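Take a look at the following structure, please.
FYI, the numbering just counts along the sequence from 1. Computed from a predicted model, the values in this text were never measured in an experiment.
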Amino acid sequence: MPVIALLSAVFVVGFEQLVQWQYGPSGVVGLMLLAIGIKAKSPTCSSIGAVVLALMVSGPAL
């Protein structure tokens with residue numbers, strides 16, 4: 001069980017670093033809002049996070 005938790009933590013930290021490297025601090029804010037909204041079961045918070053991430057990903061295309 002601790003091995004699974006450790007691997008999960010490494011994956012999450014690695015993914016967060018990738019998002020920060022690719023999209024900067026606003027991408028991290030969007031990712032955190034999405035994660036907090038999902039854990040708190042708050043559709044408003046998760047929707048705001050998803051919109052921020054969508055704008056970050058589609059920003060160069062606009």
Mind checking the CG-CD1 spacing from Leu53 to Ile48? Nearest 0.5 Å is all I need. 12.0 Å
Option from Val51, Val57, Val52 for which side-chain contact (heavy atoms from CB on, under 4.5 Å) with Leu55 holds: Val51
Starting from Met32 and following side-chain heavy-atom contacts under 4.5 Å between hydrophobic residues (I, L, V, M, F, W, Y), which residues can be reached? Val28
Donor-acceptor pair, distance only, cut-off 3.5 Å: does the side chain of Ser58 make one with the backbone of Ala54? yes
Under the side chain to side chain contact (heavy atoms under 4.5 Å, CB included) test, residues paired with Ile38 that sit two or more places apart: Leu34, Ser46
